[in-house]
Amino acid sequence: MALILEFLKRMTDNGVRFVLIGGYAAIVHGSPIGTEDVDVCAPLDEDNLARILAAVADLHPRFRMRPDKPPVPTDPGALKGFKNLYLHTDLGPMDFLSEVTGIGGYDEVSRHTVGTQVGGYPCRVLDLDGLIRSKRAVGRPKDLRGVAELEAIRRRLEQQVD
């Protein structure tokens with residue numbers, strides 16, 4: 001839990017635009033399934049990249065998906081054209097995606113969010129239906145197990161309303 005709280009503090013303090021997706025979004029909705037990284041959808045324009053880089057600057061960010069794990073440049077212009085930013089940091093893995101499979105880009109993802117507080121930090125989270133749709137679209141075995149859990153949560157919520 002320390003990873004997500006420190007992540008949210010850093011993103012909030014630096015004014016990063018993002019939507020929480022993936023495992024931590026599932027946890028916010030009530031899933032007991034754990035995760036080891038933070039996944040967000042964020043616009044990767046120069047302004048937001050500058051904010052992201054400022055938020056993680058002291059965490060020694062490195063490109064997680066490159067075999068040589070080089071340091072991430074401090075100049076947001078050097079990241080122009082990136083669709084995704086997969087980082088390894090001193091806090092842990094952080095994935096910044098400009099699109100969510102099954103939903104679309106940041107603007108579309110933003111239309112499928114709920115506002116909440118996580119550890120006292122304001123946060124927009126992909127809504128339950130969007131999370132189910134994205135995990136189903138990705139289709140990996142772990143995502144499909146997550147779909148089953150999220151659908152059970154949705155049924156429980158619907159029963160509470162009835």
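Keep in mind it's a predicted model, so treat the numbers as computed, not measured.
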Of all residues at least two apart in sequence or in a different chain, which pass the side chain to side chain donor-acceptor pair (under 3.5 Å) check with Asp37?
Thr35

Side chain to side chain donor-acceptor pair (under 3.5 Å) with Glu6: which residues, sequence neighbours excluded?
Arg10

As an exercise, state the distance from [atom1] of [X] to [atom2] of [Y], rounded to the nearest 0.5 Å.
X	Y	atom1	atom2	answer
Glu149	Leu131	CD	CG	11.5 Å
Glu108	Glu99	CD	CD	11.5 Å
Leu44	Ser98	CG	OG	5.0 Å
Ser31	Leu150	OG	CG	5.5 Å

Sub-4.5 Å side-chain heavy-atom contact between Val118 and Leu5
yes

Which residue pairs pass the ring-ring contact (aromatic ring centres under 6.0 Å, His included) test when at least one of the two sits in residues 8-58, sequence neighbours left out?
Phe7-Phe18

Quick one: which residue pairs count as a ring-ring contact (aromatic ring centres under 6.0 Å, His included) with a foot in residues 100-121, not counting sequence neighbours?
none

Are there over 12 heavy-atom neighbours, none belonging to Glu36, within less than 6.0 Å of that residue's CD?
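It does not: Glu36 CD has 12 such atoms or fewer within range.
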
Could you tell me whether Arg136 and Glu151 make a salt bridge, using a distance below 4.0 angstrom between a side-chain N and a carboxylate O?
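Salt bridge flag = yes for Glu151 with Arg136.
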
Electrostatic pair Lys9:Asp13 at N-O distance under 4.0 angstrom
yes

Count I, L, V, M, F, W, Y as connected when their side-chain heavy atoms are under 4.5 Å apart, and connections chain through other members. Are Ile33 and Leu157 then in the same cluster?
no

What's the shortest heavy-atom distance between Ser110 and Arg124, and which atoms?
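Minimum heavy-atom separation between Ser110 and Arg124: OG-NH2, 3.0 Å.
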
Salt bridge (charged side-chain N to carboxylate O under 4.0 Å, His left out): which pairs involve residues 72-89, sequence neighbours left out?
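Sorted pair list comes back empty.
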
Would you be so kind as to tabulate the donor-acceptor pairs closer than 3.5 Å made by side chains of residues 59-68, with sequence neighbours excluded?
unit_1: His60; atom_1: ND1; unit_2: Asp90; atom_2: OD2; d: 2.5
unit_1: Arg62; atom_1: NH1; unit_2: Lys69; atom_2: O; d: 2.8
unit_1: Arg64; atom_1: NH2; unit_2: Asp95; atom_2: OD1; d: 2.3
unit_1: Arg64; atom_1: NH2; unit_2: Asp95; atom_2: OD2; d: 2.8
unit_1: Arg66; atom_1: NE; unit_2: Asp68; atom_2: OD1; d: 3.3
unit_1: Arg66; atom_1: NH2; unit_2: Asp68; atom_2: OD1; d: 3.4
unit_1: Arg66; atom_1: NH2; unit_2: Asp68; atom_2: OD2; d: 3.0

Could you walk me through whether Leu85 and Leu97 pass side chain to side chain contact (heavy atoms under 4.5 Å, CB included), step by step?
CA-CA 6 Å; Leu85 194 57; Leu97 312 176; over 6 Å; no

Set out, in order, the CA-CA distance, both residues' side-chain angles and the distance that settles salt bridge (charged side-chain N to carboxylate O under 4.0 Å, His left out) for Asp107 and Arg111, then state yes or no.
CA-CA 7 Å; Asp107 290 337; Arg111 289 190 269 279; 6.0 Å; no

